[in-house]
Amino acid sequence: MESSFKGILYPARLPTFHRLPAPDAVAELVEWFWIPEWDIEPGRSSRQHVIAYPASNLVVQGGGVGFSGPTTRAGFRDLSGKGWAVGALLRPAAVPLFTDNPEALRDQEVALPLDGLHAAVSAAMDPLSPAATPDDGARRERAVAAFTAWLASRDVVPTEEALLANRMVEVIASDREVLLIEDAARRLAVSPRTLQRVAKKYVGLSPSALIRRRRLQDAAERARSDPTADLAAIAVELGYADHAHLTNDFRKYLGFTPSTYRRSAGES
């Protein structure tokens, strides 16, 4: 998929990682599916740093199923041993399936007793399962098909409000000229207060936080992928007042400066 590493701070450190598009049957519920697989030497671990997308995730792993709420900062996960995960980056319309208060689940992951989903996805991903295939690509596709079938069986019919939440996230994520909540409201022909209410109910983050996350992800990706680009020019391009404001955002949400990040990403 396009921009498959956006949001991942150090792609060179990743284990095998794939993003697969959401099938039409769940296109209003899932942005994409993501599947990492790893096999780390005994006694070692691999730390994965991300600026997560401003959304919730439903994740199936060997140990069970978890729902991860929206994040407010960069985070990491340490991988060890051998394993896999199959995650669905949820669109806002899917969130009410799992919680009526995503704001309360910020920066949290809760286990869900979804044994049927776990069994179906594990059967596709487990190489020892009778349903597994030796071809990695087919195995991942089977896992997504199983995940999709489970979601589709929930018979979710998104409300107009839920679809507005989807459109709000789409507009903010795709339009770099959206720098303020008022910009998004004009594009969607609704009031800023409506967007605030919808974001609280379906995302758990404010529209301003969604805009800030997009800019931060874009800035990190540009700094990493174009090591010769002037950081001040990147700041202006992405709507920051100046280089200092970009640096302040990096320090506040990532814990380091753009130049420090660029150096460390180049050393990965």
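For the atom pair L151 CG and L117 CG, the distance stands at 7.0 Å (nearest 0.5 Å). Residue R212 holds its CZ atom at 7.0 Å from OG of S208, rounded to the nearest 0.5 Å. Here CD of E177 is found 12.5 Å from CG of L180. Values are rounded to the nearest 0.5 Å. The distance from atom CG of L238 to atom CG of L216, rounded to the nearest 0.5 Å, is 10.0 Å. The OG atom of S122 sits 3.5 Å away from atom CH2 of W84, with the distance rounded to the nearest 0.5 Å. In this structure, CG on L105 lies 12.0 Å from CZ on F98, to the nearest 0.5 angstrom.
H18 places no side-chain N or O within donor-acceptor distance of the main-chain N or O of P36, the cut-off being under 3.5 Å. With H243 contributing its side chain and V236 its backbone, the two residues share no donor-acceptor pair below 3.5 Å. Without hydrogens or angle criteria, N57 side chain to V59 main chain gives no donor-acceptor distance under 3.5 Å. Remark: the backbone N or O of A93 is paired with a side-chain donor or acceptor of N166 at under 3.5 angstrom. Although no hydrogens or angles enter the test, the distance criterion places a donor-acceptor pair under 3.5 Å between the side chain of R214 and the main chain of D175. D226 places no side-chain N or O within donor-acceptor distance of the main-chain N or O of R222, the cut-off being under 3.5 Å.
Proximity of R186 to D183: side-chain heavy atoms (C-beta onward) are separated by under 4.5 Å at one or more points. Side chains of E141 and V144 form no contact here, defined as non-hydrogen atoms less than 4.5 Å apart. In this structure, the side chains of L89 and V30 stay at 4.5 Å or more apart for every pair of heavy atoms. Considering only heavy atoms from C-beta on, E37 comes within 4.5 Å of M125 through its side chain. Annotation: side chain of K252 is not in contact with side chain of R73 (no heavy-atom distance under 4.5 Å).
V171 shares a hydrophobic cluster with L164, M168, V169, I172, V178, I181, L188, V190, L195, V198, Y202, V203, L205, L210, I211; the chain of contacts runs through ILVMFWY side chains whose heavy atoms sit under 4.5 Å apart.
Between L246 and P258, the closest heavy-atom pair is CG-CG, 4.0 Å. Pairing each heavy atom of E31 with each of R91, the nearest pair is N-CG, 3.4 Å. Closest non-hydrogen pair, I234 versus A219, comes out as CG2-CA, 4.3 Å. Closest heavy-atom contact between S56 and G69: OG-CA, 3.8 Å. Listed here is the closest heavy atom pair of V121 and A146: N-CB, 4.3 Å. Minimum interatomic distance between P70 and P102 (heavy atoms only, all atoms of both residues): CD-O, 3.7 Å.
Cluster annotation: L163 is not connected to V95 through the hydrophobic network of ILVMFWY side chains, with a link wherever side-chain heavy atoms come within less than 4.5 Å.
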>> Determine whether F17 and R19 satisfy the following criterion, side-chain contact (heavy atoms from CB on, under 4.5 Å), listing intermediate values before the conclusion.
In response: CA-CA 7 Å; F17 182 84; R19 283 181 181 156; 3.8 Å; yes
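Pairs passing the ring-ring contact (aromatic ring centres under 6.0 Å, His included) check and including a residue from residues 142-191, sequence neighbours excluded, read F33-F147. Applying the salt bridge (Lys or Arg N to Asp or Glu O under 4.0 Å) test to pairs two or more places apart or on separate chains, those with a residue in residues 147-161 are E161-R197, E161-K201.
Counted by atom type alone, T257 and R262 present zero donor-acceptor pairs between their side chains at under 3.5 Å. In summary, the side chains of T72 and D107 do present a donor paired with an acceptor at a separation below 3.5 Å, with no hydrogens or angles considered. For the residue pair Y240/R215, the side-chain donor-acceptor check at 3.5 Å is not satisfied. With 3.5 Å as the limit, one finds a donor-acceptor pair spanning the side chains of D242 and H245.
For R187 and E170, the salt-bridge test fails: no basic side-chain N is under 4.0 Å from an acidic carboxylate O.
Classified by interplanar angle (parallel below 30°, tilted 30° to 60°, perpendicular above 60°), the ring pair Y261/F256 is parallel.
When ring centroids are compared, W32 and Y53 come within the 6.0 Å threshold.
No option in V86, L112, V65 other than V65 meets the side chain to side chain contact (heavy atoms under 4.5 Å, CB included) test with H118.
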